Amino acid sequence: MHQRHLPASPNWYCSRCSDINGKGVLGFGAKNTIYLLNVTASSPAVTGELTGHTERVSGFAFCPHDGQERICASTSDDKTVKIWDAGQKILLKEHNVHQSTISAVHWSPVQKLLLVTGDEKGIVVCYWFSSNDTQSFFPEPRTIFCLSCSPHEENYIAVGYKDGMIVVIDISKKGEVIHRLRGHDDEIHALAWCPQPREEPLYGRSEDKTGNQEINGVTEAAEMGCYLASGSRDQTVRIWSTARGKGVMTLKLPFLKRRGSGVDPVVKERLWLTVHWPKGQPSQIVSSCFSGEIIMWDLMKSGKQKWSLLGSSSDGQNHSRIVFNMSSFRSGDRELLLSTSMDREIKCWDLASLECCWTLPTLGGFVYCLSFSPVGTGCLALGIGDSMIRVWNTLSIQNQYDIKTFWQGIKSKVTALAWHPLKEGTLAFGTDDGKVGINEVYSNKPPQISSTYHHRTVYSLSWGPPVPPMSFGGSGDKPSYSLYSCAGEGVIFQHDPWKLSGEASNIDKLIRDTNNIKHKIPPHTDLSWKPDGSVLAIGNEDGSIEVLKAPMLKLLCTVQQHHKIINSLRWHHEHSSQNELQYLLASGSTNAIVYVHDLKSAIETPSEIPVLMTESFRTLSGHTNKITSLAWSPHHDGRLVTVCYDGTAQASYTFLLKKRVEMEKKRGPQKKSKKKKAAPEKRGMKAEERELPLGEEIKGAAGSGAEEGQSENDKEEEERENTDGPSVTGNGPSFLLLWYFVYIILFILDLSLKKRKPRSILPLSTSMDHRPKEELQQDCLTLAAVRYSHGNGTCVTGSGDHIQLGLFTDRDALYRMFQEEGDHVEAGHYDSMVYLRLWKGDLIGAINLAAEKGELTDHLLSLAPMAGYQVWARTVEAYVKQLCHHEQFLKAASHLVSIHKLYEAINLLKNHQFYREAIALASARLQPEDPVLKNLFMSWAAVLEKDGHYATAAKCYLAADSNFDAAKVIAKKGDVISLRTAANLAQISGESELAHSLSLRCAKDLMLFQDWAAAQEVLRTQDSLLGHRLVFSVNEILTQRLADTDVVTWSVASSHTWSKSCEENFLSMVHRVWQSEFGVAATDLVQVKMLHQQLRTVENPPATTSVPLKHLLFHISLDVTLCALSQLLCDWPSVLEELLQALTRGYEAGHFTLMYFLFLVLACRSISFVSLFYCSFFLSLTIYFAETSALTNNTISNGHRLTEKNHSEVEANCNGEAQSDVIFSEGFWKVLLSEPHANLQATQRAIAEIQRRVTSLIQQHNPCKDSHAKIINNINNFCLSLFSESLSTLTARVAEHHKALAAIPELKYPFPDVMECCIVLLHMEKHFTPFPPHIHSKATTLLCKYGTTELLYPKIAHCSFCVRS
C-alpha cells in the first residue's frame, strides 16, 4: 500500500468500533468501511480496507485466540454481522439474526470462536463461528449499549444498558441473569473485565460493608469472582465485584483544563466515558474524561487523586474532544494504547511513560480540493467536507503526518483552495455556501472573510494581477495580486486581499465596457490566469473560452471547441525549456474530451477584431465521462493529467509541433449561438456521493512512451501530430514524480449534478431554434424579407412553420404565436397558457382558465382585483375550493375571511376538524352571544370526549356554559382525583345535585382505600351529605372494632382518633362521636328525623355471596346508622327491625363469621335495656341460625371470651328490678309473629313436601340392583301407596302453591321460623310475665292455621332445649 495514507475518521458514539489484535493490526469502522492499520510504536501504516456493509459500521472486534488473530467481526446498522479474514481481506461468513440495530459486539476470550452481539431491542445473540450456530437471549427489555465477555468464565457475559443497568448473564443457563448491578444513573458506555481472575483487595472504602467483609478488601467468596469496570454517562467509573454482585469502588471523573488546540464552541459535546483494563495491569484501568483527556486510575493508590493524566508533559498530546474507543496490545516490552476521538485523530500511547507516541489524523468528510503551495515546498492544503482545512507538511522528517487543522470561520464544505503565488502561508479558500476567505496558516489569527458572498458553491479560486477598479492608484496603494473567485451562479468576483471587508467587484462590467459588448455575457464556470499575469482565460457555460488581456480585459480571441459546460482550464507553466509551451491552454468539459489550445499568435500578435478559434492543437480522448480537473506537471514539459467522473486519472503527452491551429477572424466578438446548459452549478459536491479515499489506485490506459525526437521520419511525425495524445505509463526517475503528481490530482474529482434549466413556456418557438444551422440561417433571411419587403405575403409569421418568427415581428404575429403555443401546451402545462394570456392582457381569461383547470395561484389571486370586485370574489371562491381539494383548509378559511364570508370560513374549519382554529376565528370576529360560538364549543367537546381528552372537553363545556356536562366529563375517568375535581367544579358552578352525587361517589372510592380522613374531607364540602357522613363514621368505627378479629385483615390508610376501638358500648360511642364531631344529638329531634328520612331513601341492595366484604360492611353501616337514629327518636320497633336487618346481611352473604362478630359487637351491648326474656329469645334465634348454617367451632371459640363477657353483662343488666321494669312493645311482637312470613314459610314447606313425593314416585320405576335395597324400597312403596296420590294430582297442587307464592309480597330479609317463634312464646309464657291476650291469641291462631303435626313436634322439643339453655 501507500507510504502515507489519510483514512476516513472512525465512527462516533459506538461502544466498540475499533480493536487491535496481538499482531499490532488496528481495525476501525469509518462510515460503512473498515480500515486496517499496521501499528508500531513509531508509526502507523494503512494496510487495506474491508468493504461490504451497506450502512454505518457500528462495531468491530478481533478474535483474541492464538492463531486466529486475523479473524475479525463487524456489525452494521444494516443489521448484519460479518466475519472477515483481515489477512486476505475477504468475507468468510455473515448472519442477519438481529432484527434491530446492532449496538454491541465482542469475541469471547475463553470460548473459541464465539462471537456475542447485542441490539437496541435487548436481544443478545451468540454465534459460534466454527459450527455456524446461533442462540438468542432476552435478559432484559432494555436498550443494549455495550457488552463484554468474561475472560475467566466462559459462559458469563456482562451487558450494559441505556438506563444504567448492568446484568451478568450465564449463556449456559439460557441467558439466566446472575447479577443485576445497580448504581449508574445513565447510559453504560463501556464494560471491561479485570485481567486477573481473583478479586484482590482494593484500596479505599468499599461500598458494601455487610457481614464480615473488610473495608478495603474482599470476602472468602471473592476468589470465585472477578472485578468488572464500567463507564457511564453519569460521570463515574465503578468497580463491581461479581462474586457479591455489588459495587466495591466508585471513581468520579475529575474536571481538567482542556489541552491541545481549541474546538468550535458551537459544537455541543456530550460526555462519552469509555474504560479499558490493560492486560498485565490488574490494579490500573484507563478511562476517558470530559474533553478528550485520557486518565490512568491506580486502584491501589491512597488519597483522593487516584489518577494520572496521559500526555501531561506537553500541550497538544491529548485529544481535543471526547474519546470513544480504546484498545491496547503489547509491542515488544511496551504496552501501547490506541484511542479514537471526535477530534478525528487516532493516537498511540505508551502506558509506561503515559506519553503520546504518534498521532494519525483522519478525514471526516470527502476531499473536495487539493493544492500544493508554490512557495512552501511540500506544503499541501486539503479542503474537506467536514468544514475544515488541513495543511500537511509532507516533507516533515520527524512526523510523517505533520498536519494543522483550520476550522474557524468556515462552517461549510471547503470546495476550492488557492495558495498565494508569492506570499508564504497565505491560503485562499471557498466554501459550499458561497463564502470566500483568506487564512494565514502560520498564524493563530482567525481567517479574513470577504464581505461579498456568492449565491452558490465556490468552484474556482485564482490569484492574479488587479484589474480596474482595483488597479487604479499608485503602486503602494494597491495589492500586487487580487483574489478571483468563480461560483455556481456564473459570476467572477475580484476581492481585495488587503480589504476583504470591502465590496468585491464583478469583472463582467469591465469586460462589457472594454469590449463594447451589448449581448448577454454567458455564465462563467472557471477561470485561469496565465502564470505571468498577462492573460486571463475564462470558461463559460455554453462551452466557449474567452481569452482576455490584462489589465483592461481586452478580448483577444474566443475558443469555440467545446459544446458543453467548461469544467476546468489550466495554462502551462512558464518555466519550461521550450518557450512555446507557456501559450498552451488545456480545457476540459462535460463531453469527456480534453482540448489543448496553442494561443501564441493570438497573444503575441493580437488583431483589433477578436478571432474565433475552432480548431484545437491537441485532442485528448480516453475518458468516458465528464472531465472535472486538469493539471500540468510542474516537473516536465507538456505533461498533462486529467481526472474524470469515470474514476480514472490519465497522464498524457502533448508533443510540440510546428503546425499551429487556424484562427477565424470575425468582425466583432463572437456571439454564442449554441444551446446553453441550464445549471450554473457545474460541480456541486454531495455528501452522499461515493468518496474517493486518499491513496485510491489510479486507473490509466497503457500507451506508448515515445518522445517527439524518437520518430524516424516526418511522415510518422505528421501522423503523430494528428492523433490523440496517448495515456502514459513507464519507468524512470521522472515518472515516479509524475505518478505522485497524478495521485494528488485524483482528489480534485468533482461529483456534482447539474440542475436542469426551467422549461420554456414557448416550447414550439424554442424548439424551432434548435434546428440545423442552415435552417436557422434561412429563418434570418425570411425575417429580413418580412421586415423590409412588405410585399411578401406567402409567409405568415407567428404561425405554422414560421411560428418562431412571431417573436421578432409585430404584435399580431406575436398573438398568433401565443395562440399556437397555447393550443400546444393545453394538454398539461396550464401555467404557461395562463402566463401567455396575462401577457396579452386577458386577465379574466387567464383567471377563468386557471380556475377551470384547478391551477389558481396566489399570484393570480393578487391580480384578480384589477378586474373588479366581483371577479376577485369569484376567484377567491374558486381558489378556496382548489385549496380544500389540496387539504389546505387554513389557507382556504383565511381567503374566505378576506371576502367577508366569516361563517363559511368557520364552518369550513369545523367540518375538517380544525376546531381550535375555528373557535379562535369565531371568538375574534363574532359577538360573545352568537350561537355559532357555543355550537363550536359543544361540537369540539363531543369530539374530545369521544377521544378521551376529558380535561379539554370540560373546558369547552365550561366555555359553552354547560357546567353540568363539564363536571360529568371530568368524572368520566373515574379516579379519585377526577371525581373530587368534578365535584368541586359542580359545586362552584351551582350544580348542587351533581356535586352531591360526585362527592358521595368519590368518598365511597376513598372508603374502599380505607382513607377515612380524605372521605370525610370530601363529604364535608356538601352540607346535604351530613347523613352520609354519619354512615361513614359508623363504618369507620365498625371497621376499627372488627380489626381485632379475623374479619378485617386489611390496613387502614388514614383514620380519625375518635374511631379507635375502646370498651364503650358501640351505639353509645356512635352517639358520642355524632354529638362531638357532627353536632347530631337527641336534643335536636327535627334534625335527627330529617337525617333518618334522608337515609331511608338511600338504596341499600340485598346482600349476595358475591358482594365484597368492604361493600358489605358499608351496607351494614347504613342499617346500623338508621338503627342509631331510630334509637335517638325512641322508635324501638324500628331499632329492632334495622338491627336485625344489619345482622341478617351476614347471613344473606354467607359470611357467618361476620354475622357472629356483628352480634357480639352490636346486639349484646346494644339491647341491655331489654328484659332477660328479650335477650334470651333474641340470642336463641341467632345461635339457631348459626348452628343450622354449620358455624364452625373455631369461629365460636374465637369469640368465646367476648361471649362470656357479654353474657355476664346481660345477666348483670337483667338482675333485680330489670324484669319488673320491662315494657314490651307490640311492634316487637308484630315483627316476630308475622303472618306473611308464616304464610310464605308454610307454602315453601308444602312445595318441598310435594317435590319429595314426586321424587319417590319416580324412584319406584328405577330398578334396584342391590337385593337389600330392593326390599327396603318395596316396603317404602307399600307404605306410600296407602296414602299416595297420583302424579297429576301432585303436579296440580304444586301449581296452586306456586300461584299462592307469587301472590305473597316480596320480603326484605330472611326471617326466623314463625312457627318456632310461636312455640317459644307460648312455652316461655309459663316462666315469665304473661303476654297480652291478643299476642297469645295471635300465636295460637298462626299455629293452627299454618302448623302441622310433622312440623311442630320436633320444633317443640328443640325450642324447649334452647329456652332451658
Side-chain angles (χ1 to χ4, degrees), residues 490 512 515-523 540-544 558 560 562-565 609-610 612 614 664 666-680 756-846 848-850 853 855 859 863:
R512 189 183 297 273
N515 299 282
N516 194 23
I517 297 177
K518 303 300 182 183
H519 60 80
K520 179 183 177 182
I521 296 179
N540 296 323
E541 190 178 280
D542 60 0
S544 63
T558 301
Q560 190 67 63
H562 296 283
H563 299 288
K564 294 185 178 181
I565 184 173
I609 300 176
L612 176 65
T614 59
E664 181 183 351
K666 292 291 181 182
R667 296 182 180 178
Q670 176 66 27
K671 183 177 179 180
K672 314 300 183 299
S673 61
K674 296 291 183 180
K675 178 181 175 181
K676 297 181 180 179
K677 297 301 176 182
R756 299 182 60 185
K757 185 178 180 180
R759 177 184 50 82
S760 173
I761 66 173
L762 301 172
L764 292 181
S765 57
T766 302
S767 63
M768 296 295 287
D769 287 334
H770 293 85
R771 294 174 297 158
K773 180 171 62 176
E774 293 79 7
E775 296 182 14
L776 294 177
Q777 293 173 354
Q778 183 62 40
D779 284 347
C780 296
L781 298 176
T782 304
L783 178 60
V786 170
R787 293 183 62 88
Y788 300 105
S789 299
H790 302 287
N792 190 355
T794 59
C795 176
V796 181
T797 58
S799 64
D801 294 337
H802 303 287
I803 184 176
Q804 74 280 7
L805 300 181
L807 192 65
F808 307 102
T809 53
D810 54 10
R811 181 173 296 179
D812 293 336
L814 180 66
Y815 281 4
R816 288 193 297 269
M817 185 183 73
F818 281 178
Q819 183 63 37
E820 288 203 15
E821 293 281 5
D823 295 339
H824 176 74
V825 299
E826 189 175 1
H829 303 295
Y830 305 109
D831 53 343
S832 299
M833 297 176 62
V834 170
Y835 284 128
L836 292 178
R837 294 196 181 188
L838 284 177
W839 294 347
K840 290 170 58 177
D842 186 9
L843 178 58
I844 297 178
N848 292 337
L849 175 63
K853 303 299 183 181
E855 297 291 336
H859 173 61
L863 297 177

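Here the structure is a predicted model, which means the values were calculated and not measured.
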Any chance you could measure [X], atom [atom1], to [Y], atom [atom2], to the nearest 0.5 Å?
X	Y	atom1	atom2	answer
D542	H563	CG	NE2	11.0 Å
M768	H802	CE	NE2	8.0 Å
F818	I803	CZ	CD1	10.5 Å

Practice problem: Quick one: list whatever passes side chain to side chain contact (heavy atoms under 4.5 Å, CB included) with D812, sequence neighbours left out. | Solution: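 Scan of D812 (side chain to side chain contact (heavy atoms under 4.5 Å, CB included), adjacent residues dropped) gives D810, R816.
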Could you check whether any side-chain heavy atom of [X] comes within less than 4.5 Å of a side-chain heavy atom of [Y], counting everything from C-beta outward?
X	Y	answer
T782	L805	yes
L781	Q778	yes
H770	T766	yes

Quiz item: Between R512 and I521, what is the shortest heavy-atom contact and its length?
Solution: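 For R512 and I521, the tightest heavy-atom pair comes out as NH2-CG1, 3.7 Å.
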Quiz item: If you take all heavy atoms of L863 and L843, which pair is closest and at what distance?
Solution: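 In this case the closest contact between L863 and L843 is O-CD2, 3.3 Å.
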Self-check item: I517 backbone acceptor or donor facing N515 side chain under 3.5 Å
Solution: no
Quiz prompt | Q560 (side chain) donor-acceptor with H562 (main chain) under 3.5 angstrom | solution =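 Yes; at least one donor-acceptor contact below 3.5 Å.
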